[in-house]
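In this text the structure is predicted, and so the values were computed from the model without any measurement. Below, all heavy atoms of this structure are taken into account, side chains as well, without hydrogens, waters or symmetry copies. Numbering starts at 1 and runs along the sequence shown.
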Amino acid sequence: MFWVVCWCLWTSGQVINLVPKVFPDPPTSYSEIERVTSSKDFVAPEDGYFKFIALAKSGDGGDGDQWSGGTTVGGGSGGSGGIAVSVFSLSKNDVVSLSLAGNISISKGDETAWAYQGGNGTKGDAEGKYDGNPGTGGNAGSANGGNVANQNGSRGKDGTERWPGNDTPSQVGGYPVSNSYEGYVTTSGAGAWNTGNSSGGDGTAAYVVILRGNTNLTLSQQNALDITALSLATSRIAQEQTSILLH
């Protein structure tokens with residue numbers, strides 16, 4: 001932690017300016033302070049370090065289909081969304097712009113991180129008693145521009161099919177896939193597996209997690225440091241004045 005103390009002293013001994021300037025040390029850990037699900041400007045509540053984890057939307061699963069008395073065909077699962085991570089050292093009232101749709105952008109000054117959504121799985125089509133075209137998995141989401149991490153998602157799983165006299169596999173819809181960072185997860189929707197469950201599942205919506213560094217200063221902590229610095233500096237000046245008078 002860096003301190004700068006500026007002071008001026010008239011010959012009368014009057015202190016006219018004494019201003020400690022403090023900026024936190026780099027943090028050793030972070031804690032979550034907010035989870036954002038729609039676009040907004042984040043305004044730093046204090047000086048310090050802030051981490052932004054952007055998890056783009058994961059794709060939805062494709063629908064399933066079934067031929068009457070025949071083939072059951074599954075939809076493909078969605079691809080998982082990309083994850084971008086950036087850390088900024090912010091002064092109080094600095095602004096970081098967060099834009100969330102399916103994709104996410106995190107912007108501060110001329111620096112922008114992007115997390116892109118995963119693609120949707122496609123629908124399976126049953127074309128006859130023993131014939132069908134399973135759905136395909138959605139494309140993986142991607143990420144770039146993060147100054148800490150850029151983590152691509154995974155491609156969704158293709159659907160399969162089942163026909164009369166064959167009970168394998170028991171589930172023909174594509175299984176969901178996930179992407180995670182420091183315990184935060186985005187998961188795609190599963191592919192639907194039959195007409196009783198003909199709609200694919202929904203993927204996780206886009207969100208941004210904002211975390212505060214453990215060295216950041218709250219207002220009360222900042223005030224305590226300021227008061228301590230002022231007291232120490234005033235005491236030192238008083239000692240110097242006493243020394244001058246004694247000599």
- [ ] Using atom types as modelled and distance alone, determine if a side-chain donor or acceptor of D131 lies under 3.5 Å from a backbone N or O of G128.
- [x] no
Task: Centroid-centroid distance, Y30 to F50, less than 6.0 Å - done: no
Open item on the list: side chain to side chain donor-acceptor pair (under 3.5 Å) for T187 and S178? Distances and angles first, verdict last.
Closed with: CA-CA 4 Å; T187 302; S178 297; 2.8 Å; yes
- [ ] Say whether D41 and S97, considering side chains only, have a donor N or O and an acceptor N or O under 3.5 Å apart.
- [x] yes
Task: Qualifying residue for side chain to side chain contact (heavy atoms under 4.5 Å, CB included) with F52, from V209, V87, L98 - done: L98
Task: Pairwise distance OG(S99) to CD1(I104) - rounded to 0.5 angstrom - done: 9.0 Å
- [ ] Enumerate the residue pairs fulfilling side-chain hydrogen bond (donor to acceptor under 3.5 Å, both in side chains) with a member in residues 142-151, sequence neighbours excluded, ordered by first and then second residue.
- [x] E111-N147, Q151-N179
TODO: For K40, check salt bridge (Lys or Arg N to Asp or Glu O under 4.0 Å) against everything at least two apart and list the hits.
DONE: E34
TODO: Give the cluster check for V148 versus Y207: same hydrophobic cluster or not, with ILVMFWY residues linked at side-chain heavy-atom distances below 4.5 Å.
DONE: yes
Open item on the list: With rounding to the nearest 0.5 angstrom, report the OG to CH2 distance, S105 to W114.
Closed with: 4.0 Å
Task: Close side-chain approach of Y184 to L55, heavy-atom, < 4.5 Å - done: yes
Task: Chi angles and distances behind the side chain to side chain donor-acceptor pair (under 3.5 Å) call for N214, S29 - done: CA-CA 6 Å; N214 65 341; S29 64; 3.2 Å; yes
- [ ] Look only at the side chain of D158 and the backbone of G137, and say whether a donor-acceptor pair between them is shorter than 3.5 Å.
- [x] yes
Open item on the list: Would the distance check show the side chain of N103 and the main-chain N or O of Q117 forming a donor-acceptor pair, the cut-off being under 3.5 Å?
Closed with: yes
Open item on the list: Are L100 and I33 connected into the same hydrophobic cluster when the rule is that any two of I, L, V, M, F, W, Y join if their side-chain heavy atoms are below 4.5 Å apart?
Closed with: yes
Task: Minimum heavy-atom distance G102-A206, with the two atoms named - done: O-CB, 3.7 Å
TODO: For residues K108 and L90, determine if any side-chain heavy atom of one lies less than 4.5 Å from a side-chain heavy atom of the other.
DONE: yes
Open item on the list: So that I can tick it off, tell me whether K123 and D125 are bridged by a salt bridge, with the cut-off set at under 4.0 angstrom between side-chain N and carboxylate O.
Closed with: yes
Task: S107-T112 side chain donor-acceptor pair, cut-off 3.5 Å - done: yes
Task: I53 and I83, any side-chain heavy atoms less than 4.5 Å apart - done: yes
Task: Validation row: Y130, W67 side chains within 4.5 angstrom (heavy atoms) - done: no
TODO: Search all heavy atoms of A113 against all heavy atoms of A84 and return the closest pair with its distance.
DONE: CB-CB, 4.2 Å
TODO: Hey, could you give me the OG1/CD distance between T71 and E127, rounded to the nearest 0.5 Å?
DONE: 9.5 Å
Open item on the list: Can you give me the closest heavy-atom contact between S86 and G146, atom names plus distance?
Closed with: OG-CA, 3.4 Å
- [ ] Measure the shortest side-chain to side-chain distance between F42 and I210 over non-hydrogen atoms and say whether it is less than 4.5 angstrom.
- [x] yes
Open item on the list: Could you see if V96 belongs to whatever hydrophobic cluster contains V36? Use Ile, Leu, Val, Met, Phe, Trp, Tyr and a side-chain cutoff under 4.5 Å.
Closed with: yes
- [ ] Kindly say whether G59 contributes a backbone atom to a donor-acceptor pair with the side chain of N120 at under 3.5 angstrom?
- [x] no
Task: Nearest heavy atoms of A192 and G64, plus distance in Å - done: CB-N, 3.3 Å
Open item on the list: Can you give me the closest heavy-atom contact between P176 and S188, atom names plus distance?
Closed with: CB-O, 3.1 Å
Open item on the list: Are the side chains of K157 and V177 in contact, using a 4.5 Å heavy-atom criterion?
Closed with: yes
Task: Nearest heavy atoms of I106 and V208, plus distance in Å - done: CD1-CG1, 4.5 Å
Task: Ring centroid separation F88 to Y49 under 6.0 Å - done: no
Open item on the list: Has D47 got a side-chain atom pairing as donor or acceptor with K92's backbone, closer than 3.5 angstrom?
Closed with: yes
- [ ] Look only at the side chain of T204 and the backbone of S58, and say whether a donor-acceptor pair between them is shorter than 3.5 Å.
- [x] no
TODO: Would you kindly say whether T186 and S80 are connected by a side-chain donor-acceptor distance under 3.5 Å?
DONE: no
Task: Polar side-chain atom of T72 near backbone of Q66 as donor-acceptor pair, under 3.5 Å - done: no
Task: Close side-chain approach of E46 to R212, heavy-atom, < 4.5 Å - done: yes
Open item on the list: Under a 3.5 Å distance rule, please check whether S89 uses its side chain to pair with a backbone N or O of G48 as donor and acceptor.
Closed with: no
Task: Partners passing salt bridge (Lys or Arg N to Asp or Glu O under 4.0 Å) against E32 (at least two apart in sequence or in another chain) - done: R35
